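Here it is, the structure in full.
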Amino acid sequence: MVDRQARKRLAVVGAGLIGTRHIDIIARSNDAQLAAVVDPVAAAAATAKSHGVPWFADLRTMLADDIADGVVVASPNQLHVEHGLQCVEAGLPVLIEKPIDSDARRARRLVDHAGALGVPVLVGHHRRHNPIVKAAKERLDAGAIGTIVAASGMCWLYKPDDYFNVEWRTKQGAGPVFINLIHDVDLLRYFCGEVQSVQAVQSNRTRGHEVEDTAAIILQFCSGTLATISVSDTIVSPWSWELTAGENAAYPNTQEACYLLGGSHGAMEIPSGRIWSNPGKRSWWEPIGHDDYDVTSDDPLDAQISHFCRVIAGQEKPLVSGEEGLRTLLVIEAIKQSAQEAVPITVSSTPERSSEF
Ligand SMILES: NC(=O)c1ccc[n+]([C@@H]2O[C@H](COP(=O)([O-])OP(=O)(O)OC[C@H]3O[C@@H](n4cnc5c(N)ncnc54)[C@H](O)[C@@H]3O)[C@@H](O)[C@H]2O)c1
């Protein structure tokens, strides 16, 4: 039997779309127990009641009660740093939903402050917890395709038209680069290393909203790897992580690949788990075949919560630290700037700190 006392007590801040998923996962976890729900709206009070835990309209009040070992922040992007700072100042490790914030300068302040206090910050780029990603990463690191020369990624989705009835989703600050592509950029950073520079173009031609519906991007990695990635929320297609990885039953699974990685000794399809190579001499005239490795998808949000508990217990280091979340955000900011100014942008490694807080 699982010792309930050993379970880490986690509070969830923001009980909206993703926050309620975290709440459900924590409630049935063997590693965690739900300590509190923090969200000013009445629906959140009802959620807390249904789980038999205290409800708070405000994070500071919850922190003063000393009832949690860690906090999951799933509030709107613009509040992430403010909430993160309150947690680390109270000495509580915090798992912040992606993006770490909507502003890299604010995020820098949080990462530095948490580092100085020695309190872990994790960012919810949950795909890295998927066994599919771990399997691909292990093989790439072991040289399964040699040196990665180029990569190609697709995030082509069709969001139903009524998705855009919510006004903020059509305005600056939203858009598929910030909402969706950030996950793909994070995974490509995981596979290929740091991004040195980006060139991007974007278009709102199909939907006509203020914000882009489609973007195409060239990434140059510090390693020399080149990548092309594109994102659209207005393409009917089987090629996106959502429809290929099978990690969320809400989406059909097309069993296709959405990333192709090309190396000096082979090529890899992800998430379908296929590695192509010449069995003999490397040459386009020689036979080429593939080995398929097993890919069992799992709910990475579950794995992320268990990992968070082990970080709180001091047993593991964050897989996606605040610094990692910040670096992914810096690439997204560079992509947006490149698209706006129609020039290549070098990705900043040290944004100034904001003095906003
Ligand atoms: N990892 C993923 O795949 C994934 C998926 C969806 C959303 N997200 C991220 O999660 C975050 C939340 O997104 P969502 O779609 O659940 O949004 P949402 O609007 O459904 O939920 C946000 C919740 O935060 C609450 N809130 C607002 N101000 C608050 C405050 N001061 N204190 C506490 N709670 C407050 C709101 O009342 C709301 O219930 C965003 O950062 C988003 O980018 C991540």
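No experiment lies behind these values; they were computed from the predicted model shown. Each ligand, and each atom within it, is numbered from 1 in the order the structure gives.
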Check the pair N278 / E286 against side chain to side chain donor-acceptor pair (under 3.5 Å), numbers first and verdict last.
CA-CA 7 Å; N278 294 123; E286 295 293 323; over 6 Å; no
Cation-pi between K137 and Y190: NZ/CZ under 6.0 Å from ring centre and within 45° of the ring axis?
yes
Donor-acceptor under 3.5 Å (S272 side chain, R274 main chain)
no
In chain order, what residues pass the side-chain contact (heavy atoms from CB on, under 4.5 Å) check against D162, with sequence neighbours excluded?
P160, N165
Pairs under 3.5 angstrom only: tabulate donor-acceptor contacts from the side chains of residues 146-158 to other protein residues two or more places apart or in another chain.
unit_1 : atom_1 : unit_2 : atom_2 : d
W156   : NE1    : S230   : OG     : 2.9
Y158   : OH     : D161   : OD1    : 2.9

Using the side chain to side chain donor-acceptor pair (under 3.5 Å) rule, collect all pairs that involve residues 37-53, keeping only residues at least two apart or in two chains.
none
Tell me the residues surrounding ligand 1, counting only those with a heavy atom closer than 4.0 angstrom, sorted by chain and number.
V13, G14, A15, G16, L17, I18, V38, D39, P40, V41, A74, S75, P76, N77, L79, H80, H83, E97, K98, P99, G124, H126, H183
